[in-house]
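Just below is one structure, and these are the notes that go with it.
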Amino acid sequence: TRPVQCHALLSIGLESAVSEEFCAAVKPATLRHCNTQFCAPFWRPLPWGQCNQTCGRGVQARILECIQRQTSAVGEIVVLDDVCDEEPGLNQPIMQRYCAETNCDAVWITSDFNPCPESCGGSTQSRTIHCE
């Protein structure tokens with residue numbers, strides 16, 4: 001923004017601001033557009049999704065959006081990922097990370113029962129069992 005005032009020449013070398021009604025010409029603009037080129041694109045990560053495991057070592061993911069800031073009137077818009085991929089020096093943030101790296105509760109692991117050793121009269125089947 002710049003100040004715009006109407007000036008009148010009162011005498012040689014002496015001028016003074018006067019009311020705008022004394023200026024015959026159209027008032028010059030006080031504003032003009034500048035730096036109208038697009039800004040460099042950037043990656044905007046969305047929030048992390050849920051972890052795919054409740055214990056042990058899970059993975060969670062997020063979506064990245066490639067953003068291009070247009071003019072101040074338009075604001076920011078989502079553009080194709082190629083726009084960010086082709087921007088020199090612009091690194092893509094990580095899209096996946098490990099999560100829920102806590103120990104799971106121990107559980108019993110069992111095999112199938114072995115075949116029954118007797119066809120009649122009663123017998124005992126066995127199987128292996130261990131805790132993990």
request  = Look up atom NE2 in H130 and atom OG1 in T110, then write down how far apart they are to the nearest 0.5 Å.
outcome  = 9.5 Å

ask   = Any side-chain heavy atom of C66 sitting closer than 4.5 Å to one from W43?
value = yes

query = Should V78 and F42 be counted in the same cluster of Ile, Leu, Val, Met, Phe, Trp and Tyr side chains packed under 4.5 Å apart?
reply = yes

ask   = Tell me, which pairs form a salt bridge (Lys or Arg N to Asp or Glu O under 4.0 Å) where one or both residues lie in residues 84-99, sequence neighbours left out?
value = none

message = With a 6.0 Å cut-off (strictly less than), is the heavy-atom count around CG of D82, excluding the residue itself, greater than 12?
response = yes

task = Quick one: closest heavy-atom pair of P93 and L64, and the distance?
result = O-CD1, 3.4 Å

task = Please name all residues satisfying side-chain contact (heavy atoms from CB on, under 4.5 Å) with V59, sequence neighbours left out, ordered by chain then number.
result = N52, Q96, Y98

Those residues that, when tested against C39, pass disulfide (SG to SG under 2.5 Å) (two or more places apart) = none

ask   = Who passes disulfide (SG to SG under 2.5 Å) against C116, sequence neighbours left out?
value = none

Contacts table for residues 121-128: side-chain donor-acceptor under 3.5 angstrom, sequence neighbours left out:
unit_1	atom_1	unit_2	atom_2	d
Q125	NE2	N114	O	2.9
S126	OG	N114	ND2	2.9
T128	OG1	S111	OG	3.1

request  = Could you tell me which non-hydrogen atom of G56 sits nearest to which non-hydrogen atom of C104, and how far apart they are?
outcome  = N-SG, 3.3 Å

ask   = Nearest 0.5 Å, what's the CD1-CD1 distance between I129 and I109?
value = 11.0 Å

request  = Please round to the nearest 0.5 Å and tell me the distance separating atom CD of Q68 and atom CG of L80.
outcome  = 11.5 Å

key: Within residues 43-70 or reaching into it, pairs that qualify as salt bridge (Lys or Arg N to Asp or Glu O under 4.0 Å) - sequence neighbours excluded   = R44-E76, R57-E101

remark   = Residues Q53 and G58: closest non-hydrogen pair is CG-CA, 3.4 Å

inquiry  = Does any part of the side chain of I67, heavy atoms only, come nearer than 4.5 Å to the side chain of I77, both counted from C-beta?
reply    = no

